[in-house]
Amino acid sequence: MKTLYDKLWEEHHVTQLESGESLLYIDRHYLHEVTSPQAFEGLSKKNLKPWRLEANIATPDHNVPTIRGNNFNSEQIKDEISKIQVVELDKNCNTFGIKQFDIKSSKQGIVHVIGPELGYTLPGMTIVCGDSHTSTHGALGCLAMGIGTSEVEHVLATQCLKVSKLKNMLVRFEGTPAENVSSKDIVLYFIGLIGTAGGTGYAIEFAGSYIEAISIESRMTICNMAIEAGAKVGLIAPDETTINYVREKSFLDKETLEKAEDYWTNLNTDEGANFDNEIVIDISKIKPQVTWGTSPEMVVNYDDEIPTPMNVPKDNKKNIELARNYMGIQDESKLSDLVFDKVFIGSCTNSRIEDLRQAAEIVKGKTVAENITEAIVVPGSGMVKEQAEMEGLDEVFKEAGFIWRDPGCSMCLGMNPDQLKPYERCASTSNRNFEGRQGYLGRTHLMSPIMAAYTAINGTVGEPS
Amino acid sequence: MKSNSEGLMINGIVSYIDRDNIDTDQIIPTEYLKSIKKFGYEDYLFDGWRYKDDGKLGVKKEERDVNKDFILNNKPFSESKILLTRDNFGCGSSREHAVWALRDFGIKAVIASSFGDIFYNNCFKNGVLPIYLEKNKIEKLFGLVKKEVVELSIDLQKRIIFLNNQDEINFEVDDHLIERIIYGLDDIDITLKEKDKISNFEKNRKITRPWIYANE
Ligand code: SF4
């Protein structure tokens with residue numbers, strides 16, 4: 001009896017090396033501008049070519065400005081250093097012949113958003129990318145993980161990854177969520193529970209009645225943040241929801257697709273398979289979650305007290321103190337006491353059409369609070385943007401006072417012009433609240449698109465109503 | 001195999017950062033990921049803590065507002081080769097730049113109670129040895145380094161840390177990983193020795209799973 005992870009592992013196992021490590025065959029390799037230049041350089045130096053060109057798909061996302069308009073090209077990026085990196089990706093993709101959805105393409109976007117929606121991510125694949133949030137693709141039943149730049153070069157050159165097997169963890173989310181609770185809240189709650197190192201060394205399979213009931217978009221939010229629980233792999237067995245999703249996005253011919261569907265239908269964990277660790281969580285009692293500190297595990301119910309060094313175990317006091325200091329939390333006892341400056345709806349965690357619909361629903365007919373100096377919505381890709389505009393979501397946001405942007409990683413990380421200024425407090429739907437992540441000395445509170453929308457309207461983390 | 005004799009021992013002063021969950025964004029902030037080079041990251045290591053100003057790629061240490069309170073800015077710790085820290089070091093982003101920054105600064109070993117998976121892996125590809133020790137041993141080391149400047153010798157082959165030439169601490173690490181540091185092995189060369197196996201695997205896969213090979 002095997003787990004889904006075991007099966008994916010065996011399916012891609014080429015050989016075991018003398019060292020004891022295994023060579024896993026890689027079906028799909030995504031590339032972006034930040035972690036690939038040194039890998040291409042290495043390849044050139046060794047006089048090597050990509051092993052299988054068609055396995056690779058590239059797009060620029062981290063550095064791209066999100067105010068671009070039509071016909072914007074890489075050379076027009078104002079930040080000289082960002083420009084070099086994006087231009088370098090153009091050059092490398094041209095030189096090596098790799099398919100790129102470049103900055104001019106209507107399909108460009110955050111690498112983890114475009115892969116699934118363009119039909120490049122398929123169930124049962126092994127997928128890697130020089131980016132830790134590659135775990136996102138596990139939502140479709142893939143063995144997907146983030147790798148470093150040396151490994152990017154290795155995968156380009158050999159179509160394989162050298163790895164040792166991970167342990168298996170099963171996390172079952174059971175029950176029906178309360179109102180205003182989305183998969184972002186569920187995964188934040190989970191990270192708060194097991195900690196940011198709780199999943200280290202594991203591939204986590206998410207299952208249970210909650211997972212079965214939710215969309216692929218919601219599942220992607222959960223697998224996306226598996227890495228925030230320390231697990232480089234998060235995965236969910238393909239089911240009817242998955243197959244319907246893939247069918248809609250697929251560019252495969254009918255016959256091939258049917259053959260694939262037969263295989264995907266049976267791709268799941270055997271009953272009675274053994275996991276090294278199993279956790280069951282009743283999600284019906286979970287409230288909307290908001291982080292207060294500088295690690296995703298520093299998370300509480302939106303209406304709970306913020307931890308103080310007084311009320312935590314001794315070995316945690318210092319972490320709490322450092323985080324409170326950085327976040328500028330003094331006498332405030334609750335998240336609702338904090339006044340926000342910015343709101344960011346976007347990132348590979350929450351920039352898909354479903355996220356934008358949920359947020360739009362809340363801001364419809366309302367106005368962004370006065371203390372919010374900037375509220376931005378950044379669709380994850382050109383396709384998401386187009387769909388949202390077709391549904392009129394852009395107008396809903398703009399009427400409420402949000403700024404509607406072009407696709408990219410945007411304010412998820414301080415690499416492009418969208419950044420927090422020192423001490424600014426931001427309600428963010430992204431995945432990391434690390435010090436300086438959204439800009440030097442910026443303060444990030446992670447939350448769902450629903451809660452970010454409420455925060456934009458209230459100016460504080462208020463009571464959802 | 002030819003061994004790199006310098007690679008067998010790491011001797012040096014221990015610097016320390018007493019906190020958990022130091023993520024790769026702290027080891028090297030995003031700004032510096034804009035470089036397309038593999039070297040030259042030494043001045044940006046722990047940038048947010050090492051300086052009191054907001055840095056930019058290309059701006060050198062001498063032009064910055066250095067935080068004198070930060071351990072790596074002070075002698076003898078500025079020469080340190082070993083870094084002691086706590087839980088979950090290197091969690092977060094997969095950026096190999098984090099290891100490049102440690103390496104370029106001169107850090108050859110990091111001792112912690114646990115590491116982020118991707119960071120741990122990246123270390124061995126760049127000659128930096130991550131050593132995990134149980135929490136009580138980490139605690140003991142912190143007790144020592146906070147009292148006085150501590151020099152350690154780490155024997156890679158025997159997997160022993162010698163403490164001021166008195167005490168010894170054993171540590172564990174997989175053979176194939178540490179050999180990569182000792183012998184400076186190249187992964188691509190090793191894998192390409194198996195290229196026939198990879199080709200055969202691929203040939204077979206094209207037949208059994210044709211959808212993988214269909215492209216738009
Ligand atoms: S949106 Fe954020 S987390 Fe996702 S790939 Fe971009 S920078 Fe990384």
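Values below: all heavy atoms of this structure, side chains included; hydrogens, waters and symmetry mates excluded. All chains are named by letter (A, B, ...) in the order of the sequence lines, taking the proteins before the strands, and each is independently numbered beginning at 1.
Residue A:D27 touches chain B through both its backbone and its side chain, counting heavy-atom pairs closer than 4.5 Å. Proximity to chain B (any heavy atom under 4.5 Å) is shown, for A:E153, by both the backbone and the side chain. A:S82 touches chain B through backbone and side chain together, each having a heavy atom under 4.5 Å away. For A:K46, the part lying under 4.5 angstrom from a heavy atom of chain B is the side chain only. In this structure, the portion of A:S295 lying under 4.5 Å from any heavy atom of chain B is its side chain and not its backbone. Within the 4.5 angstrom heavy-atom criterion, only side-chain atoms of A:L322, from C-beta onward, approach chain B. The contact between A:L48 and chain B is made entirely by side chain atoms (from C-beta outward), counting heavy-atom distances below 4.5 Å. Of the two parts of B:S199, the backbone and the side chain both hold a non-hydrogen atom closer than 4.5 Å to a non-hydrogen atom of chain A. In this structure, chain B has heavy atoms under 4.5 Å from both the backbone and the side chain of A:E11. There is no contact between A:H133 and chain B, counting heavy-atom distances below 4.5 Å. Only the side chain of A:Y263 comes within contact range of chain B, with heavy atoms under 4.5 Å apart. When heavy atoms are compared at a cutoff of 4.5 Å, A:Q85 approaches chain B by way of both its backbone and its side chain.
Checked by atom type and distance alone, the side chain of B:Q26 pairs as donor or acceptor with a backbone atom of A:E435 at under 3.5 Å. Between the side chain of B:D117 and the backbone N or O of A:K232, no donor-acceptor pair lies under 3.5 Å.
Partner of B:T191 under the side chain to side chain donor-acceptor pair (under 3.5 Å) criterion, chosen from A:E21, A:Q159, A:H154, A:K162: A:H154.
Comment: A:E41 does not engage B:K37 in a salt bridge, judged by the lack of any side-chain N to carboxylate O separation of less than 4.0 angstrom.
With values rounded to the nearest 0.5 angstrom, B:D23 atom CG is found 8.0 Å from A:T294 atom OG1.
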